[in-house]
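Presented below is the structure to which this report refers.
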Amino acid sequence: MSETLSLGDLIDMQIRQSGPMSLATYMGLCLTHPTRGYYRKTDPLGTKGDFITAPEISQTFGEVIGAWIADLYIQMDRPKRLTLLELGPGRGTLLADALRVATRASGFAAALDLKLFETNPVLIAMQREKLGNYNPHWIEDIEAIGGAPVIVLANEFFDALPIRQFVKRNSKWYERSVGLAEGKRSFGLSPTPYEEALIGEEFASAQNGEVAEIGLAAQQFMGHLARLVAPRGGAILALDYGHARTQPGETLQALSRHAPVDPLDQPGAADLTAHVDFQALGRAARMAGLTVHPLVEQGAFLSSLGLAERHAALAAANPHKAGALDTAFDRLTAADQMGALFKVLCASSPGLRPAGFAAP
Ligand SMILES: C[S@@+](CC[C@H](N)C(=O)[O-])C[C@H]1O[C@@H](n2cnc3c(N)ncnc32)[C@H](O)[C@@H]1O
């Protein structure tokens with residue numbers, strides 16, 4: 001395979017050979033193609049990248065999550081060995097901030113077995129630099145988490161997994177595909193319809209023209225993860241943008257340099273994501289035997305963990321940065337910024353009471 005061919009060229013060749021591909025296949029290639037996928041090549045984060053995430057906005061985000069982890073570790077009776085797994089750790093910032101706090105809990109540092117699940121070699125190098133002191137291990141398969149109790153963190157991980165889309169036409173559902181029309185990449189629909197029962201009863205009242213998005217990869221990943229966590233004991237904390245209930249709607253988006261772009265232009269060069277269906281994700285964890293705590297919005301979650309107090313202390317210690325710190329605080333918590341769109345899901349072993357969640 002020639003290195004001069006772009007991912008777009010390779011996708012177009014495949015479509016010419018085999019016909020249109022499903023949106024999920026297209027999205028998977030764009031994000032994780034082994035040499036040309038978006039999450040295989042560069043650091044996409046930060047003001048110079050394509051988007052910014054909560055841990056990169058303020059250290060307080062990771063710090064309060066560190067306190068959340070420490071509290072859970074104590075509730076779990078301070079196991080001798082505790083695996084802390086982060087899915088898609090980005091630059092390692094969330095863990096660096098969280099571990100600065102969590103390791104203050106007596107016994108935590110000695111118990112810590114840090115595991116990182118990451119595809120991007122550029123980010124792995126940054127994670128090694130930031131987290132090297134904690135002796136992390138990178139795993140390519142979540143089966144490799146070992147046998148100890150485990151706490152899993154996932155911030156903006158599930159939105160990066162491929163989705164399927166179905167469009168309702170004449171009361172039937174057709175899967176959205178990517179094909180070529182007059183040589184140009186374009187969306188199309190599967191020639192044969194899917195039965196309504198296969199799409200899910202949550203979409204039964206959808207009108208013609210509406211779209212059902214199904215995050216099958218995210219649901220399968222969550223199910224697999226939860227089946228690993230259940231016998232070991234522990235919890236999964238997933239923070240992401242998305243909706244609390246399964247509902248029709250189209251949320252696929254492509255971002256490049258902080259601006260929306262056409263998802264079919266420049267495959268592998270823009271971030272492709274979709275909103276997370278938290279109802280479906282929770283169901284996958286529940287089916288594996290975990291307790292799913294009532295979903296909370298990010299603003300409320302961070303506030304209940306003491307973000308405002310931590311922010312005030314940081315601003316008092318750094319008066320010259322108070323304006324920037326205030327802006328960051330608002331960005332994380334305000335309802336018209338990340339506070340309400342982002343939700344927090346926790347699935348844990350029965351009996352654990354993770355901080356920030358009402359009783360199930
Ligand atoms: C949106 S970034 C979030 C990074 C980090 N959690 C943060 O909040 O800054 C998505 C992360 O998931 C990783 N990632 C995306 N798809 C992945 C996959 N299929 N397997 C493993 N890691 C993946 C990316 O390389 C990146 O680290």
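We count residues from 1, following the sequence as given. As the structure lists them, so they are numbered: ligands from 1, and atoms in each ligand from 1.
Considering backbone and side-chain N/O of E118, one or more are found under 3.5 Å from N/O of ligand 1. Close N/O approach between L123 and ligand 1 is not found [any backbone or side-chain N/O within under 3.5 Å].
Heavy-atom contacts of E86 reach the following atoms of ligand 1: 6 (N) (cutoff under 4.0 Å). Of all the atoms in ligand 1, the ones that sit under 4.0 Å from a non-hydrogen atom of P55 are 7 (C), 8 (O), 9 (O). Taking every non-hydrogen atom of N120 and a distance limit under 4.0 Å, the qualifying atoms of ligand 1 come out as 25 (O). The G90 neighbourhood of ligand 1 comprises atoms 4 (C), 5 (C), 27 (O), with distances under 4.0 Å to a heavy atom of that residue. Atom numbering of ligand 1 starts at 1 in the shown order; those under 4.0 Å from a heavy atom of F51 are 1 (C).
When the shell of 6.0 Å around CD of Q337 is examined, it contains more than 12 heavy atoms from other residues, nucleotides or ligands.
Among protein heavy atoms, the minimum distance from atom 12 (O) of ligand 1 is reached at G88 CA, 3.2 Å. Closest protein heavy atom to atom 10 (C) of ligand 1: E156 O, 3.4 Å. Residue, atom and distance of the protein heavy atom nearest to atom 18 (C) of ligand 1 are T119 CG2, 3.6 Å. With hydrogens left out, the protein atom closest to atom 9 (O) of ligand 1 is T53 OG1, 2.6 Å, a heavy atom. Of the protein's non-hydrogen atoms, the one nearest atom 8 (O) of ligand 1 is N155 ND2, 2.7 Å. Ranking the protein heavy atoms by distance from atom 15 (C) of ligand 1 puts Y39 CD1, 3.5 Å first.
Atom CE of M21 is separated from atom CG of L23 by 10.5 Å, given to the nearest 0.5 angstrom. Atom CD of Q14 and atom OH of Y26 lie 12.5 Å apart (nearest 0.5 Å).
Using the six-membered ring where Trp is involved, F357 and F301 have ring planes that are tilted, between 30° and 60° apart.
The side chain to side chain donor-acceptor pair (under 3.5 Å) test with H311 is passed by exactly one of D326, D330, T60: D326. Tested against L116 for a side chain to side chain contact (heavy atoms under 4.5 Å, CB included), the candidates L84, L123, L95 yield a single pass: L95.
Taking 4.5 Å as the limit, some side-chain heavy atom of L239 sits within range of a side-chain heavy atom of I65.
Only side-chain heavy atoms of L45 come within less than 4.0 Å of ligand 1; its backbone N, CA, C and O stay farther off. Proximity of R91 to ligand 1, defined as any heavy-atom pair under 4.0 Å, is not found for any part of the residue.
Counting only N and O atoms by type, the side chains of N120 and Y38 include no donor and acceptor under 3.5 Å apart.
Under the 4.0 Å criterion applied to side-chain N and carboxylate O atoms, K130 and E86 are not assigned as salt-bridge partners.
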Sequence neighbours left out, cut at 3.5 Å: what donor-acceptor pairs do the side chains of residues 139-158 make with other protein atoms?
| unit_1 | atom_1 | unit_2 | atom_2 | d |
| --- | --- | --- | --- | --- |
| D141 | OD1 | E143 | N | 2.9 |
| E143 | OE2 | H224 | NE2 | 2.8 |

